[in-house]
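Everything below concerns the one structure shown next.
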Amino acid sequence: MTTIPRIISVDDHVVEPPDLWTSRLPRRFLDRGPRIVRQKGRLQMPGGWREDPDGDWADVWLYDDLVTPLMKLSAAVGFDDVGFGAVTFDDIRPGCWKQAERLADMDANHMEASLCFPNTLPRFCGQAFMERDDKELALLCVRAYNDWMIDEWCAGPARGRLIPLTMVPLWDADLAAEEVRRCAAKGSHAVTFSENPHPLGLPSIHSGAWDPFFAACEETGTVVCLHIGSSSSMPGTSPDAPFIISSTLTFQNAMGSMLDFIFSGTLARFPGLTLAYSEGQVGWMPYVMERADKLWHERSDNSFGTDLPEPPTSYIRGRVYGCIFDDETGLANRDVIGMDQICFETDYPHADSTYPDSAGVAARICDKAGLDDAEIYKLLRGNAIRAFGLERYGIAA
């Protein structure tokens, strides 16, 4: 059996605690800002909720016009059956939202450190705040979340174990840059952002509109983390295709996003910018890298719409990190991708999570791919330490 070092997961999630916003927002916003109410009702798919005295109990987030029940899928660990049911905080595993219990679950799962994305209310990069009309309140909500993430979730006994991952006001690139700098000054050097802002009704990566934000990330050494689904869209083939097709194709979001960042010239303009893709796996990368380089060499007079000064793959090494939890194909092609570019995740507490057997899963896929000790170390912790500069949190290389 392969010897597995303590894991650093670059993609987990935290269920936002009920008082996160009510304990931080100005009093005048408490009846409109995010708050939890417990009520009986029924799910109205997709993701809606209707009060019903004959329904099931659930904890429900209210925020202006938004009504979002706490979903079992957002806190799936510990449930024998995982479906689209609504639950209460009493139903879910405490490690989903309580620091001490999360650290205990990490110990049981052979983990040293974890980077946690937002979960239920904000969604993966704070889309819920962007979608509300009152941007004053939305900005306060973003900042409150970030202060909680840095000052509470990742503080005290969690320092060096829970790594800060903050969000930005997506509706304004200058405000986003300001928030990156504010959070970096407080100790956060990773930010969640949309894999593709265009489906959100925002400027595309090709527009240049995000350059102030990317400049702030480069300046502060802040990694841009791009989670599958952070564009609020998922790939599919037809409206009547089963969900398993979309789930199989999720990597397409990461694939398209990486090409956007390369061919928009963003990575060329910001040579110190680092990207990290979460839950997109990496088995797709070898062909895309090959195809992109071949087309770049074939172009003439900008006929393909690109004037990149260097081949596309030259912008990947040391700057674009993929993330896997069970991608045996990706590991088999690690020499093409670059073993230094692949990180590991446990996806706690989602349905895909390898908890509580992440070490066993890692051992099996590493053995099958024939990774040596140095490669195993890189995958399970070394690459994450380098990509996110985790030495600053006291994590030893």
Side-chain angles (χ1 to χ4, degrees), residues 11-13 42-49 66-76 81-86 117-128 130-131 170 192-207 224-264 275-292 295 305 320 322-330 333 337 345 347 349-354:
D11 174 25
D12 294 315
H13 296 264
R42 299 186 187 280
L43 286 175
Q44 304 292 295
M45 300 305 291
W49 177 258
L66 184 64
V67 180
T68 303
L70 180 61
M71 299 288 289
K72 186 186 293 186
L73 280 176
S74 298
D81 62 316
V82 178
F84 287 94
F117 282 84
N119 203 347
T120 305
L121 176 80
R123 309 209 301 279
F124 293 159
C125 67
Q127 301 102 299
M130 179 210 71
E131 293 165 350
L170 293 167
T192 178
F193 185 67
S194 176
E195 63 203 350
N196 183 359
H198 176 68
L200 300 177
L202 297 171
S204 77
I205 300 300
H206 300 271
S207 69
V224 179
C225 298
L226 306 147
H227 195 289
I228 288 295
S230 56
S231 59
S232 295
S233 63
M234 295 298 285
T237 56
S238 65
D240 57 345
F243 176 71
I244 193 170
I245 292 179
S246 178
S247 188
T248 303
L249 295 175
T250 53
F251 72 90
Q252 289 185 0
N253 284 16
M255 179 174 65
S257 178
M258 186 183 79
L259 292 175
D260 277 343
F261 273 92
I262 291 174
F263 285 111
S264 66
L275 309 179
Y277 285 97
S278 295
E279 217 166 299
Q281 309 277 38
V282 298
W284 51 271
M285 288 183 71
Y287 171 73
V288 172
M289 293 164 64
E290 175 188 343
R291 179 66 173 158
L295 289 175
V320 179
C323 175
I324 71 168
F325 51 90
D326 63 356
D327 186 353
E328 296 172 7
T329 298
N333 288 283
I337 299 166
E345 65 168 276
D347 200 26
H350 284 181
D352 274 335
S353 180
T354 51

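Positions are given from 1, in the same order as the sequence printed here.
Checked by atom type and distance alone, the side chain of Asp347 never pairs as donor or acceptor with a backbone atom of Asp12 at under 3.5 Å. In terms of modelled atom types and a separation under 3.5 Å, the side chain of Asn196 and the main chain of Ser231 share no donor-acceptor contact. Between the side chain of Ser264 and the backbone N or O of Asp260 there is at least one donor-acceptor pair closer than 3.5 Å.
Residues passing the ring pair (Phe, Tyr, Trp, His ring centres under 6.0 Å) test with Tyr277: none are found, sequence neighbours excluded. Glu345 meets the side chain to side chain donor-acceptor pair (under 3.5 Å) test with no other residue; sequence neighbours excluded. A search for side chain to side chain donor-acceptor pair (under 3.5 Å) contacts involving Asp352 returns nothing, not counting sequence neighbours. Remark: Glu328 pairs with Ile365, Lys368 by the side-chain contact (heavy atoms from CB on, under 4.5 Å) rule, at least two apart or across chains.
Between His13 and Phe124, the gap from one ring centroid to the other is short of 6.0 Å.
Enclosure of atom NE2 in His198 is not indicated, since only 12 or fewer non-hydrogen atoms of other residues, nucleotides or ligands lie within 6.0 angstrom.
Side-chain contact between Asp326 and Thr354: absent, with no pair of heavy atoms (C-beta onward) separated by less than 4.5 Å. Between Ile228 and Ser278, every side-chain heavy-atom pair lies at or beyond the 4.5 Å cut-off. Here the side chains of Met130 and Leu202 are in contact, with some heavy-atom distance below 4.5 Å. Between Met71 and Leu43 the shortest side-chain heavy-atom distance falls below 4.5 Å.
For the atom pair CG of Leu259 and CD1 of Ile205, the computed distance is 12.5 Å after rounding to the nearest 0.5 Å. To the nearest 0.5 angstrom, Met255 atom CE is 9.5 Å from Tyr287 atom OH. Atoms CG and CZ, from Leu200 and Arg123 in turn, are 8.0 Å apart once rounded to the nearest 0.5 Å. From Lys72, atom NZ reaches atom CZ of Phe84 across 11.5 Å, with rounding to the nearest 0.5 Å. Note that CD1 of Ile337 and CE of Met289 are 7.5 Å apart. Values are rounded to the nearest 0.5 Å.
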**OP:** May I have the step-by-step check of side-chain contact (heavy atoms from CB on, under 4.5 Å) for Leu275 and Leu226, ending in yes or no?
**Re:** CA-CA 7 Å; Leu275 309 179; Leu226 306 147; 4.2 Å; yes
Original post:
Going through the distances and angles, do Val282 and Phe251 end up as a side-chain contact (heavy atoms from CB on, under 4.5 Å)?
Top reply: CA-CA 8 Å; Val282 298; Phe251 72 90; over 6 Å; no
**OP:** Walk me through it: do Leu73 and His350 pass the test side-chain contact (heavy atoms from CB on, under 4.5 Å)?
**Re:** CA-CA 6 Å; Leu73 280 176; His350 284 181; over 6 Å; no
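Nearest heavy-atom pair across Cys125 and Phe193 is CB-C, 3.8 Å. Contact between Ser194 and Ser230 at its shortest, heavy atoms only, is OG-O, 3.1 Å. The shortest non-hydrogen separation linking Pro286 to Asn333 is CG-CB, 3.7 Å. Here the closest heavy-atom approach between residue Ser238 and residue Asp240 is recorded as OG-OD1, 2.7 Å. Residues Ser74 and Pro349 share a closest heavy-atom pair of O-CG, 3.5 Å.
The side-chain hydrogen bond (donor to acceptor under 3.5 Å, both in side chains) contacts involving residues 243-254 comprise Glu195-Asn253, where partners must be two or more places apart or lie in separate chains. Judged as a salt bridge (Lys or Arg N to Asp or Glu O under 4.0 Å), the pairs with a partner in residues 281-291 (not counting sequence neighbours) are, in order, Glu290-Lys294.
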